[in-house]
Each structure stands twice: as structure tokens, then as C-alpha cells.
Chemist: 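What follows is a structure written as C-alpha cells; I'll ask about it next.
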Amino acid sequence: MGEITDETASIIVEECERAGKIASIHVAEHRESQRRSLEDTGMSEVERALNAGFKLLVHLTNPVRGDLELVRESGASVVLCPRSNGALSSGIPPIRRMHELGINLLLGTDNLMFNSPDMLREMEYTLKVTRGCARRYFPPVEVLRMATSNTSAFTGTGVIEEGFPADLILVEKLSGDPYLSIINRTESKNIIYLIIKGKLVKR
């Protein structure tokens with residue numbers, strides 16, 4: 001958001017909506033970008049992005065006062081990229097606080113310059129770093145939802161229900177808790193079946 005004007009941001013949102021696409025943008029990844037935005041415009045990057053109409057905000061690692069409440073009121077979703085934030089020393093997003101506010105949280109890997117596009121590793125890092133920061137477990141089922149069913153509002157996938165595409169993975173059970181088994185222990189070699197749109201594509 002710090003690299004474009006508010007006018008450009010509005011044009012991007014309008015063009016995405018016209019094309020039936022999701023308008024998404026990176027915001028508040030670094031404290032410095034938030035500081036510059038406040039000095040130059042009197043608004044945080046988050047406030048500017050929401051005013052432009054973006055519905056999918058990436059990172060939100062460094063919110064300032066009022067940012068999270070604005071996101072909640074707007075109904076926008078947030079894509080968290082904790083591994084990338086850690087690699088760039090930009091901090092760890094306030095995941096527990098966002099969840100408590102009822103913000104729809106998703107997980108992403110940011111880009112290939114810093115991370116492999118491995119959602120299993122992203123879930124594991126998210127769970128452990130959140131526990132390390134808060135000194136108590138963030139619910140593992142919520143981490144799994146961030147990588148799966150929380151995307152359904154945008155993609156129409158990620159939910160095991162009648163009427164949704166049958167996109168599934170079946171994995172080995174490696175520990176007693178199914179959520180922790182997937183998040184902490186599962187690797188690609190533990191995937192037994194991969195099903196896309198109802199068709200078995202890998203075994």
C-alpha cells in the first residue's frame with residue numbers, strides 16, 4: 001500500500017471488481033511503512049486500504065491503534081504470512097487478538113524469494129510462534145481452518161459439505177490429536193491420497 005496512491009488503490013479495486021476478481025493488497029508489513037503512511041496521509045496503510053475497498057489484506061504484521069477494529073467492522077479478511085515475517089524480521093502478527101476480534105484469518109506463504117510454498121510448514125510455524133509469543137496454545141483447529149475452510153468465502157472451496165468441490169487430502173495419522181498430527185508432524189510423504197474435484201490424482 002505504501003507504494004501506490006489512494007487514487008491508484010481505488011482504480012485497482014474497481015478493475016478487480018469489474019473482472020470478478022478479489023482485490024488484495026499487502027499492508028502494515030513493516031513499522032516503517034506504517035509510520036510513513038501516517039506522516040504522509042494522516043492514515044495507516046490499513047485504513048487507506050479499507051477506504052479503497054480492498055477485502056483481502058496481506059500481512060497486517062504491525063497494526064497501529066484502531067487498525068484491527070477497522071478490519072473487523074469492514075468484514076475484510078487477513079492473510080497471515082508468519083514465516084516470511086520472521087525471515088524479514090518484521091515481527092509476528094497479533095494472531096490471537098485478530099481471532100478474538102472475529103476477523104477471518106487465512107494463511108499464506110508470501111513469495112518464493114523467502115519461503116517454499118508449503119502450507120504444512122506454514123501451519124506448524126504459525127502454531128508454535130503464536131504459542132511462543134502468548135505462552136499458551138492457540139487452538140490448533142483454528143490454524144487448520146486458516147489454511148482450509150476459512151478460504152471458502154473467496155474460493156468456494158475448503159469445506160467438506162454437499163455442493164462443494166471434492167478437494168481433499170487423506171494423510172496418515174501420526175499422533176493422537178488429529179489437528180496436531182497434521183500441523184506438527186505431517187509431511188508430503190505422509191499424504192496417502194490427493195483428490196481434486198472428485199478425482200484421485202496422486203497416491
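Owing to the predicted nature of the structure, the values given are computational and were not obtained by experimental measurement. Worth knowing before you read on, the calculation uses all heavy atoms, side chains too, and leaves out hydrogens, waters and symmetry mates.
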Chemist: Would you say the side-chain atoms of Asn115 and Thr109 include a donor-acceptor pair closer than 3.5 Å?
Modeler: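 Asn115 vs Thr109: no donor-acceptor pair found between side chains.
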Chemist: Could you go through Ile25 and Val13, starting from their C-alpha distance and side-chain angles, then the distance that decides it, and tell me whether this counts as side chain to side chain contact (heavy atoms under 4.5 Å, CB included)?
Modeler: CA-CA 10 Å; Ile25 194 163; Val13 171; over 6 Å; no
Chemist: I need the minimum non-hydrogen distance between Pro63 and Pro94, along with the two atoms involved.
Modeler: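 Between these two residues, the closest heavy atoms are CG-CG, 3.8 Å.
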Chemist: Taking atom CD1 of Ile195 and atom CD1 of Ile169, what is their separation to the nearest 0.5 Å?
Modeler: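 Output value for this atom pair is 10.5 Å.
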Chemist: Are there over 12 heavy-atom neighbours, none belonging to Arg35, within less than 6.0 Å of that residue's CZ?
Modeler: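 Buried by this count: over 12 neighbours within 6.0 Å.
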Chemist: According to a hydrophobic-cluster definition based on side-chain heavy atoms being under 4.5 Å apart (Ile, Leu, Val, Met, Phe, Trp, Tyr only), do Ile4 and Leu57 belong together?
Modeler: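 Cluster IDs for Ile4 and Leu57 match.
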Chemist: Please answer whether the main-chain N or O of Leu174 pairs with a side-chain N or O of Ser181 as donor and acceptor at a distance below 3.5 Å.
Modeler: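 Yes: the side chain of Ser181 pairs with the backbone of Leu174.
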Chemist: Per the side-chain hydrogen bond (donor to acceptor under 3.5 Å, both in side chains) rule, what does the pair list look like for residues 9-22, sequence neighbours excluded?
Modeler: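 Residue pairs with at least one partner in residues 9-22: Glu15-Arg18.
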Chemist: At what distance, to the nearest 0.5 angstrom, does CG of Asn85 lie from CG of Asp110?
Modeler: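 It is 7.5 Å, given to the nearest 0.5 Å.
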Chemist: Can you check whether Ile182 reaches Leu120 side chain to side chain, under 4.5 Å on heavy atoms?
Modeler: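 In contact.
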Chemist: Is it possible for you to say whether Val27 and Ile11 belong to one hydrophobic cluster, with membership spreading through side-chain heavy-atom contacts below 4.5 Å?
Modeler: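 No, Val27 and Ile11 fall in different hydrophobic clusters.
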Chemist: Flag yes if more than 12 heavy atoms outside Tyr179 fall under 6.0 Å of its OH atom; otherwise flag no.
Modeler: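 Counting other residues, nucleotides and ligands, OH of Tyr179 stays at 12 neighbours or fewer.
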Chemist: Hey, could you give me the CG/CD distance between Asp118 and Glu187, rounded to the nearest 0.5 Å?
Modeler: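 Between atom CG of Asp118 and atom CD of Glu187 there are 9.0 Å.
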Chemist: Counting C-beta onward and ignoring hydrogens, is there a side-chain heavy-atom pair between Leu60 and Pro93 closer than 4.5 Å?
Modeler: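 No, their side chains stay 4.5 Å or more apart.
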Chemist: Is there side-chain contact between Leu180 and Leu127, with heavy atoms separated by less than 4.5 Å?
Modeler: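 Yes, side chains in contact.
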Chemist: How far does OG of Ser84 sit from CD of Glu29, to the nearest 0.5 angstrom?
Modeler: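 Interatomic distance, Ser84 OG to Glu29 CD, rounded to 0.5 Å: 5.5 Å.
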Chemist: With the 4.5 Å side-chain cut-off for hydrophobic clustering, are Leu38 and Leu70 part of the same group?
Modeler: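 They do not share one cluster, since no chain of ILVMFWY contacts under 4.5 Å joins Leu38 to Leu70.
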Chemist: Hey, does the side chain of Thr148 reach the backbone of Leu144 with a donor-acceptor pair shorter than 3.5 angstrom?
Modeler: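 Checking the backbone N and O of Leu144 against the side chain of Thr148, a donor-acceptor pair under 3.5 Å is found.
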Chemist: Taking all atoms of both residues into account, what is the closest heavy-atom pair of Thr61 and Ser90, and its distance?
Modeler: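 Heavy atoms only, the tightest pair is CG2-O, 3.5 Å.
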Chemist: Is the terminal nitrogen or CZ of Arg83 (NZ for Lys, CZ for Arg) located under 6.0 angstrom from the six-membered ring centre of Tyr125 and within 45° of that ring's axis?
Modeler: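 Negative - Arg83 is either too far from the ring of Tyr125 or too far off its axis.
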Chemist: When you measure from the side chain of Thr186 to the backbone N and O of Ile183, does any donor-acceptor pair fall under 3.5 Å?
Modeler: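 Answer holds: no.
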Chemist: According to the side-chain hydrogen bond (donor to acceptor under 3.5 Å, both in side chains) rule, which pairs have a member within residues 68-78, sequence neighbours left out?
Modeler: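 Residue pairs with at least one partner in residues 68-78: Ser77-Asn104.
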Chemist: Checking the side chain of Asp167 only, and the main-chain atoms of Lys197 only, is there a donor and an acceptor separated by less than 3.5 Å?
Modeler: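 Checked: pair present.
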Chemist: When rounded to the nearest 0.5 angstrom, what distance separates CZ in Arg136 from CZ in Arg131?
Modeler: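 So the CZ of Arg136 and the CZ of Arg131 are separated by 11.5 Å.
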Chemist: So that I can tick it off, tell me whether Arg48 and Glu45 are bridged by a salt bridge, with the cut-off set at under 4.0 angstrom between side-chain N and carboxylate O.
Modeler: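 Result for this pair is no, no salt bridge flagged.
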Chemist: For Lys128 versus Asn184, what's the shortest heavy-atom pair and its separation?
Modeler: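 Taking Lys128 first and Asn184 second, the nearest heavy atoms are CE-OD1, 3.4 Å.
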Chemist: Do side-chain atoms of Thr155 reach the backbone of Thr151 as a donor and acceptor pair under 3.5 angstrom?
Modeler: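 Checked: pair present.
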Chemist: Indicate if Leu105 and Ile92 have the same hydrophobic cluster label, given that clusters are the connected sets of ILVMFWY residues with side-chain heavy-atom separations under 4.5 angstrom.
Modeler: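 Not linked; separate clusters.
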Chemist: With rounding to the nearest 0.5 angstrom, report the OG to CZ distance, Ser116 to Arg121.
Modeler: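 If we round to the nearest 0.5 Å, Ser116:OG and Arg121:CZ are 4.5 Å apart.
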Chemist: Evaluate whether atom CZ of Arg96 has more than 12 neighbouring non-hydrogen atoms of other residues, nucleotides or ligands under 6.0 angstrom away.
Modeler: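 Yes, the 6.0 Å shell around CZ holds more than 12 heavy atoms from other groups.
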Chemist: With a 4.5 Å limit on heavy-atom distance, are the side chains of Met1 and His26 in contact?
Modeler: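 The answer is no, as the side chains (C-beta and beyond) never meet within the 4.5 Å cut-off.
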Chemist: Does the side chain to side chain contact (heavy atoms under 4.5 Å, CB included) test come out yes or no for Leu168 and Ile160, once each step is laid out?
Modeler: CA-CA 8 Å; Leu168 307 165; Ile160 303 175; 3.7 Å; yes
Chemist: Count I, L, V, M, F, W, Y as connected when their side-chain heavy atoms are under 4.5 Å apart, and connections chain through other members. Are Val141 and Val159 then in the same cluster?
Modeler: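 Per the 4.5 Å side-chain linkage, Val141 and Val159 are not co-clustered.
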Chemist: Between Ser152 and Ser149, is there a side-chain donor-acceptor contact under 3.5 Å, judged purely by atom types and distance?
Modeler: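 Side-chain D/A pair, Ser149 to Ser152: absent.
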Chemist: Considering only heavy atoms from C-beta outward, does the side chain of Phe138 approach that of Ile95 to under 4.5 Å?
Modeler: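 They are in contact (side-chain heavy atoms under 4.5 Å apart), so the answer is yes.
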Chemist: With a 4.5 Å heavy-atom cut-off, do Asn111 and Cys81 have their side chains touching?
Modeler: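 SC-SC contact between Asn111 and Cys81 ruled out.
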Chemist: If every non-hydrogen atom of Ile103 is compared with every non-hydrogen atom of Ala76, which pair is closest and at what distance?
Modeler: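 Shortest heavy-atom contact: CG2-O, 4.1 Å.
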Chemist: Taking the side chain as every heavy atom from C-beta outward, state whether Leu101 and Arg97 have any pair of such atoms under 4.5 Å apart.
Modeler: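 Yes, their side chains come closer than 4.5 Å.
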Chemist: Taking C-beta and beyond as the side chain, do Leu50 and Val71 meet within less than 4.5 Å on heavy atoms?
Modeler: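 Answer yes - side chains close enough.
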Chemist: Under 3.5 Å, side chain of Gln34 to main-chain N/O of Asn62, donor-acceptor pair present?
Modeler: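 Present.
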Chemist: For the pair Asp67 (side chain) and Val64 (backbone), establish whether a donor and an acceptor sit closer than 3.5 Å, ignoring hydrogens and angles.
Modeler: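 Side chain of Asp67 to backbone of Val64, a donor-acceptor pair under 3.5 Å: yes, one is there.
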Chemist: Test Met146 against every option in Leu80, Leu106, Val79, Val78 by the side chain to side chain contact (heavy atoms under 4.5 Å, CB included) rule and name the one that passes.
Modeler: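 In the set Leu80, Leu106, Val79, Val78, the residue that makes a side chain to side chain contact (heavy atoms under 4.5 Å, CB included) with Met146 is Leu80.
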Chemist: Any chance you could lay out the side chain to side chain contact (heavy atoms under 4.5 Å, CB included) test for Leu88 and Met113, step after step, and finish with the verdict?
Modeler: CA-CA 11 Å; Leu88 295 173; Met113 289 190 293; over 6 Å; no
